[in-house]
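These numbers come from a predicted model, not from an experiment.
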Amino acid sequence: MFHHIERELRSAIAAYVRAEFDASAIITTEQPKQPSFGELALPVAFQLARQLKRPPRAIAEQLRSGMPRVAGISALEIAGNGYLNVRFDRGWYGRALVDQPAGAWIQGRPGKTIVEHTNINPNKAAHIGHLRNAILGDTFVRMLRAAGETVEVQNYIDNTGVQVADVVVGFHFLQKRTPAEVAALAAEARFDYYCWDLYARISSYYGDHPEAKQWRHQTLHSIEAGEGDLAELGHIVADAIVDCHLATMLRLGIEYDVLPRESEILHLRFWATAFELLKERQAIYLETEGKNSGCWVMRGSAFSTDTENPDDKVIVRSNGTVTYVGKDIAYQLWKFGLLGKDFHYRLLKSYPDGHPVWISAIEARGEAPRFGAGARVYNVIDSRQSYLQDVVVAGLRAVGFQNAAENSTHFSYEMVALSPRTCVELGLELSEEDRKKSHVEVSGRKGLGVKADDLIDKLIATALVEVDSRHPEAPAEERRQVATRIATGALRYFMLKFTRNSVIAFDFQEALSFEGETGPFVQYSAVRARNIIRKLEERGGVMPDFAAVLTEEAMARQLRSEDFWQLLLAVSKADSAIERAVLSGEPAHLAKYAFQLAQSFNSFYHEYAVLAEEDPERRAFLLWLTDYFRSQLERTLGILGIEVPEYM
RNA sequence: GCGCCCGUAGCUCAGCCGGAUAGAGCGACUGGCUUCGAACCAGUAGGCCGGGGGUUCGAGUCCCUCCGGGCGCGCCA
């Protein structure tokens with residue numbers, strides 16, 4: 001509704017300015033600095049002042065007196081030296097919300113939006129850095145869907161890369177295990193933890209025995225050829241770890257639609273097709289001299305911002321093998337349906353909620369939906385890979401797919417590092433240098449990091465202590481479920497509260513906190529609203545007929561209270577908050593909104609006893625406001641992927 | 001060397017397309033539990049928005065420059 005009035009007002013003013021001043025201005029609306037100034041502020045007179053060479057105050061005065069009426073607006077006021085402040089008709093506004101609580105503004109862009117996230121190497125347990133990626137990606141997906149878009153969630157699996165190969169080397173060459181033995185191990189719990197340690201071991205082994213890298217090359221070769229024990233081990237490891245990752249992410253409510261795998265990209269020769277295309281369109285050329293002699297390269301000028309003498313990027317090595325970026329270009333072409341090839345698919349599994357997840361396959365099995373061929377693609381990848389993402393987009397452009405290039409977005413985010421204090425807690429030895437830093441980078445090779453499942457377990461345990469002390473009478477299983485929701489809410493909120501380009505220095509003490517700006521704070525507020533309604537029913541009461549009791553006049557009476565009005569206004573801005581977060585691509589904005597909303601309600605909750613209210617109209621109003629708040633906060637939390645526990 | 005990001009309260013961070021007196025959480029200090037359960041609320045202290053130039057009626061926000069920090073820049077993935 002807020003949104004609606006805002007839009008109506010903007011177009012009314014734009015039309016008036018065109019007619020009366022013969023000028024065009026981009027009408028922007030702002031939130032007034034103080035609530036007492038009204039609901040919206042328009043700096044339009046300042047913009048026009050320059051064009052018209054007239055003082056802003058005079059322009060504002062003309063706008064104020066001449067403007068046609070806009071429904072829902074009761075007054076325009078001039079403030080400062082030319083601000084036009086807008087006051088809403090409170091009774092009208094409140095009533096409109098009773099009639100239509102949720103906005104009908106939703107209309108997504110046409111076509112399918114592809115969001116690729118998670119993309120963890122399937123060779124070891126997921127860590128907190130991966131959590132940031134998956135939570136950001138998943139929340140962005142929920143935001144887009146809330147904005148009415150059709151979204152496909154992809155999670156790319158590099159099951160043939162060096163990282164998988166290294167773990168295979170560990171099993172085969174260091175431990176001398178057969179595929180059958182590894183398969184047995186993979187069936188046991190926490191295989192991903194086992195591989196975490198093994199990967200760190202083999203990485204350090206390479207350091208001491210450089211000649212052992214020969215094993216890696218041999219393994220990579222076997223995996224690519226798809227033959228022999230080493231290839232079989234590769235499949236066993238990668239498949240089992242993918243299962244672990246899916247399970248970890250499901251704990252946070254994160255699901256995928258399709259898992260395209262590198263093994264199928266190789267087998268179905270995606271690269272060969274892309275290579276022909278790149279050559280044909282002259283996006284790459286065969287270098288005949290200099291350091292890149294014998295390689296197929298992309299001109300540096302195609303992607304680099306260094307205008308002096310940008311380095312060319314090798315796409316195909318002089319030995320004929322393709323680089324990572326080359327494969328990525330082929331994959332990105334597929335995402336837009338521009339490669340002229342597709343995967344086959346098989347159903348990997350169905351989630352408990354019934355949602356199916358498909359995985360790429362060499363032969364078709366089952367009737368899969370049409371994957372890929374998106375109108376837009378968002379790649380959720382950390383900012384360290386921005387250079388490579390630029391090359392991929394330049395590749396699309398060079399091939400002539402301007403449109404695809406423009407619709408490719410690197411949804412980047414900064415890394416998650418560890419606070420020095422947390423490193424100490426983890427028993428890691430820090431150098432003098434590290435100790436002074438504000439954060440220390442995680443390293444999979446060194447096994448340095450916080451595993452996702454460990455963190456979730458720790459959060460649940462911490463939450464359970466609180467739940468147990470508050471609700472000792474509740475069944476143990478139920479308490480555990482409540483603690484789980486609190487824990488995952490805390491974790492998701494923690495990862496979302498920072499804007500994307502801020503480095504997170506992960507700190508246990510901070511992440512395990514349930515007070516202040518945290519997920520549980522917001523959940524608690526929703527629980528309180530629910531409690532009011534539940535208590536009402538427990539006492540034999542029923543919800544009043546809001547449509548009958550809360551007439552426009554009644555609303556106007558109740559909303560004379562500044563406290564009620566401000567809360568109502570804040571709640572009614574959910575749509576605006578969602579839209580703003582989608583437009584800015586910043587889930588943190590929505591998280592912040594949820595927090596502020598919770599704050600407003602908590603203060604209201606403290607001040608006013610809803611059920612004890614004796615005046616029937618006022619009581620009905622308070623109940624309606626409480627329920628309206630509850631529904632809008634729950635909707636917002638749902639988009640953040642945060643569930644509300646039954647009690648706290 | 002080149003490129004990208006960051007620098008705002010003691011700490012961690014917000015600050016929407018440039019707009020009115022720069023905000024929140026934590027920490028510190030004062031108060032508030034007779035249950036719609038305090039995982040909360042009310043209040044106090046705390047800021048040269050890294051420095052310096054510029055553009056503008058107006059700059060935390062845009063431009064230039066310097067300082068400090070992070071991350072990239074391979075015929076690795």
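- Between A/Arg528 and B/A38 there is a side-chain N or O to OP1 or OP2 distance below 4.0 Å.
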Distances under 3.5 Å only, N/O to N/O: pair up the protein atoms with those of nucleotides 57-61 of chain B.
from  : atom 1 : to      : atom 2 : distance (Å)
B/C57 : N4     : A/Arg50 : NH2    : 3.1

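- Taking only side-chain nitrogens and oxygens, A/Tyr324 never comes nearer than 4.0 Å to OP1 or OP2 of B/A77.
- Comparing atom distances between the A/Ser502 side chain and each of B/A38, B/C13, B/A42 picks out B/C13 as nearest.
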> Could you write nucleotides 67-75 of chain B as a row of B, S and -, 5' to 3', where a protein heavy atom under 4.0 Å of any base atom gives B, of only sugar-phosphate atoms gives S, and otherwise -?
Replying inline: ---SSSS-B
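- In this view, A/Asp382 and A/Arg384 satisfy the salt bridge (Lys or Arg N to Asp or Glu O under 4.0 Å) rule, not counting sequence neighbours.
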Side-chain donor-acceptor pairs under 3.5 Å in residues 32-44 of chain A, sequence neighbours left out?
from    : atom 1 : to       : atom 2 : distance (Å)
A/Glu39 : OE1    : A/Phe88  : N      : 2.7
A/Glu39 : OE2    : A/Trp565 : NE1    : 3.0

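- Listed by first and then second residue, the salt bridge (charged side-chain N to carboxylate O under 4.0 Å, His left out) pairs involving residues 618-630 of chain A are A/Glu613-A/Arg618, A/Asp627-A/Arg630, A/Arg630-A/Glu634 (not counting sequence neighbours).
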>> Strictly under 4.0 angstrom, non-hydrogen atoms only: write out the protein contact profile of nucleotides 28-34 of chain B, one letter per nucleotide from the 5' end, B, S or -.
In response: ----B--
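- For residues 531-542 of chain A, the pairs satisfying salt bridge (charged side-chain N to carboxylate O under 4.0 Å, His left out) are A/Arg534-A/Glu538, with sequence neighbours left out.
- The ring pair (Phe, Tyr, Trp, His ring centres under 6.0 Å) analysis of residues 479-510 of chain A, with sequence neighbours excluded, yields the pairs A/Phe494-A/Phe498, A/Phe494-A/Phe506, A/Phe506-A/Phe508.
- With sequence neighbours left out, the salt bridge (Lys or Arg N to Asp or Glu O under 4.0 Å) criterion links A/Glu77 to A/Arg87.
- Contact between the side-chain N/O atoms of A/Asn501 and the OP1/OP2 oxygens of B/C5 is not found at any separation under 4.0 Å.
- Judged as a salt bridge (Lys or Arg N to Asp or Glu O under 4.0 Å), and not counting sequence neighbours, the contacts of A/Glu517 are A/Lys592.
- A/Phe275 and A/Trp296 have perpendicular rings, their planes meeting at more than 60° on a 0 to 90° scale where under 30° would count as parallel.
- In terms of phosphate contacts, A/His589 brings a side-chain nitrogen or oxygen within less than 4.0 Å of OP1 or OP2 of B/G15.
- Using bins of under 30°, 30° to 60° and over 60° for the plane-to-plane angle, the ring pair A/Phe604/A/Phe564 lands in the perpendicular bin.
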For nucleotides 20-26 of chain B, tabulate all protein N/O to nucleotide N/O atom pairs closer than 3.5 Å, reporting atom names and distance.
from  : atom 1 : to       : atom 2 : distance (Å)
B/A20 : N6     : A/Asn85  : OD1    : 2.8
B/A20 : N1     : A/Asn85  : ND2    : 3.2
B/U21 : N3     : A/Gln34  : NE2    : 3.1
B/U21 : O4     : A/Gln34  : NE2    : 3.0
B/A24 : O3'    : A/Gln599 : NE2    : 3.4
B/G25 : OP1    : A/Gln599 : NE2    : 3.2
B/G25 : O2'    : A/Glu517 : N      : 3.3

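- Not a single salt bridge (Lys or Arg N to Asp or Glu O under 4.0 Å) links A/Glu224 to another residue, sequence neighbours left out.
- The glycosidic torsion of B/C71 lies more than 90° away from 0, placing the base in the anti range.
- With B/C16, B/U12, B/A39 as the choices, the nucleotide that has an atom nearest any side-chain atom of A/Val467 turns out to be B/A39.
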